[in-house]
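To keep things clear, I will list the structure first and then write my remarks on it.
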Amino acid sequence: MGTDDRHPVQGLELGYARVSTTKQHLERQLDALTEAGIPVERIYVDKKSGATVERPGLADLLAYARPGDTVVVHTLDRLGRNLREVLNLVHDLGEKHIGVRSLADPIPINTADEGMGRIAFLLLALFAEMERTFTAERAAHARAVAEAAGRRIGRPVAHPADKIEYARLLKRQGSSLGEIAAKTGIPKTSLHRYLAAQSVSETSNPTH
C-alpha cells in the first residue's frame, strides 16, 4: 500500500479505505476493492480516529493520482468525515479530471460518467443534506412540544435570586424543606442544592 513512480498515462484505478472508529472493520472495504480488480499496491488506507485531522493515506493517494485516474471507495462516505468534506473533495478531483467511483452505495456512483453517474452523486448529496435538515426539524419540533407541555429540554433555568435568598432565610428560621418549597415554589431537589451551598459558605466564612 504505497506509491509507484511508474504511473500509466491515464486510466488507473486507485483504491481508498478508511476507518474512523474502533467498531468499523477495514477488511470489508479492502475485500471489496480487491474484488473490484484493484491490486493491493494501489490501495491506500487510513486508520486514524475520527478526532484526528491528518489522513496520510489519502494525502499519498492524491499526490499520486493523475488526470484520467479514478478513486474507488467502498462507499462515498469513506472520502470524508462529513458531507461538505466529501463534496469538496469530489469537486476538487473533478477539476483535476480525476473520477470517483463507489462500490456499495444504494446508488453506485461514478463521476467519470458525465450522465447518470454524476446525477446519482448529486442526488446522494441532496438526500444526505435533506436528512440533516429533517433531523434538525425533528429536534426543534420535540423541543417545542416539550415546552408547550411545561417541560424544558436541556439545563433548567436558575431560580430568581430573591426567591433563593428567601428560601435561605426560611431555613435559618427553622422552616422545613416542604414548607420552604410551598412558600417559594422552588422544588425540593433544587432547594437541596441552594441550601447546601449556603451551609458551605457559612462554614468557610463564619461570622464573629
Side-chain angles (χ1 to χ4, degrees), residues 1-140:
M1 299 180 187
T3 60
D4 183 350
D5 293 332
R6 296 169 298 175
H7 192 295
V9 176
Q10 63 178 6
L12 199 64
E13 287 196 327
L14 307 172
Y16 179 66
R18 177 179 68 88
V19 288
S20 58
T21 70
T22 56
K23 295 181 180 179
Q24 293 177 328
H25 299 289
L26 193 63
E27 290 75 15
R28 182 181 179 186
Q29 297 178 54
L30 296 178
D31 289 345
L33 292 171
T34 54
E35 287 177 9
I38 302 174
V40 174
E41 63 270 17
R42 292 209 302 266
I43 297 177
Y44 298 77
V45 174
D46 280 317
K47 300 179 182 179
K48 301 293 185 179
S49 70
T52 303
V53 176
E54 293 80 10
R55 287 187 285 166
L58 181 62
D60 289 344
L61 183 154
L62 297 178
Y64 182 65
R66 299 291 183 271
D69 289 349
T70 300
V71 177
V72 183
V73 290
H74 185 243
T75 53
L76 205 62
D77 60 7
R78 296 301 84 205
L79 285 175
R81 290 154 296 193
N82 54 62
L83 177 62
R84 183 178 296 277
E85 196 170 79
V86 172
L87 290 175
N88 288 342
L89 180 56
V90 172
H91 174 76
D92 291 344
L93 290 172
E95 292 288 311
K96 298 175 182 178
H97 304 287
I98 298 171
V100 174
R101 181 163 73 93
S102 71
L103 303 174
D105 279 315
I107 306 176
I109 304 299
N110 186 353
T111 61
D113 177 358
E114 292 295 333
M116 292 305 298
R118 187 171 295 276
I119 292 174
F121 167 70
L122 294 174
L123 284 174
L124 200 66
L126 174 62
F127 294 154
E129 192 65 42
M130 287 171 61
E131 179 56 30
R132 179 183 299 177
T133 300
F134 292 153
T135 299
E137 288 179 348
R138 286 193 294 267

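Worth saying up front: this structure is predicted, and the values here are computed from it rather than measured. Positions are given from 1 along the sequence.
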Does [X] use its side chain to pair, donor to acceptor, with the backbone of [Y] at less than 3.5 Å?
X: Arg18; Y: Asp46; value: no
X: Asp69; Y: Leu12; value: yes
X: Arg42; Y: Val40; value: no

Can you tell me how far the [atom1] atom of [X] sits from the [atom2] atom of [Y], to the nearest 0.5 Å?
X: Gln29; Y: Leu103; atom1: CD; atom2: CG; answer: 10.0 Å
X: Arg66; Y: Lys96; atom1: CZ; atom2: NZ; answer: 10.5 Å
X: Arg101; Y: Leu76; atom1: CZ; atom2: CG; answer: 12.5 Å
X: Leu30; Y: Glu27; atom1: CG; atom2: CD; answer: 6.5 Å

Of Thr111, Val71, Ile109, the one forming a side-chain contact (heavy atoms from CB on, under 4.5 Å) with Val90 is Thr111
Under the side chain to side chain donor-acceptor pair (under 3.5 Å) test, residues paired with Thr34 that sit two or more places apart
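With sequence neighbours excluded, Thr34 shows a side chain to side chain donor-acceptor pair (under 3.5 Å) to no residue whatsoever.
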Distance-minimising heavy-atom pair for [X] and [Y]:
X: Ala32; Y: His74; value: CB-CD2, 3.5 Å
X: Arg78; Y: Tyr16; value: O-CE2, 3.3 Å
X: Gly80; Y: Val86; value: N-CG2, 3.6 Å

side-chain contact (heavy atoms from CB on, under 4.5 Å) for Leu58 and Leu89? Distances and angles first, verdict last.
CA-CA 11 Å; Leu58 181 62; Leu89 180 56; 4.1 Å; yes
Go through the steps to decide whether Leu93 and Leu62 satisfy the test side-chain contact (heavy atoms from CB on, under 4.5 Å), and finish with yes or no.
CA-CA 9 Å; Leu93 290 172; Leu62 297 178; 3.7 Å; yes
Please test Ser102 against Val73 for side-chain contact (heavy atoms from CB on, under 4.5 Å), starting from the C-alpha separation and ending with a verdict.
CA-CA 5 Å; Ser102 71; Val73 290; 4.2 Å; yes
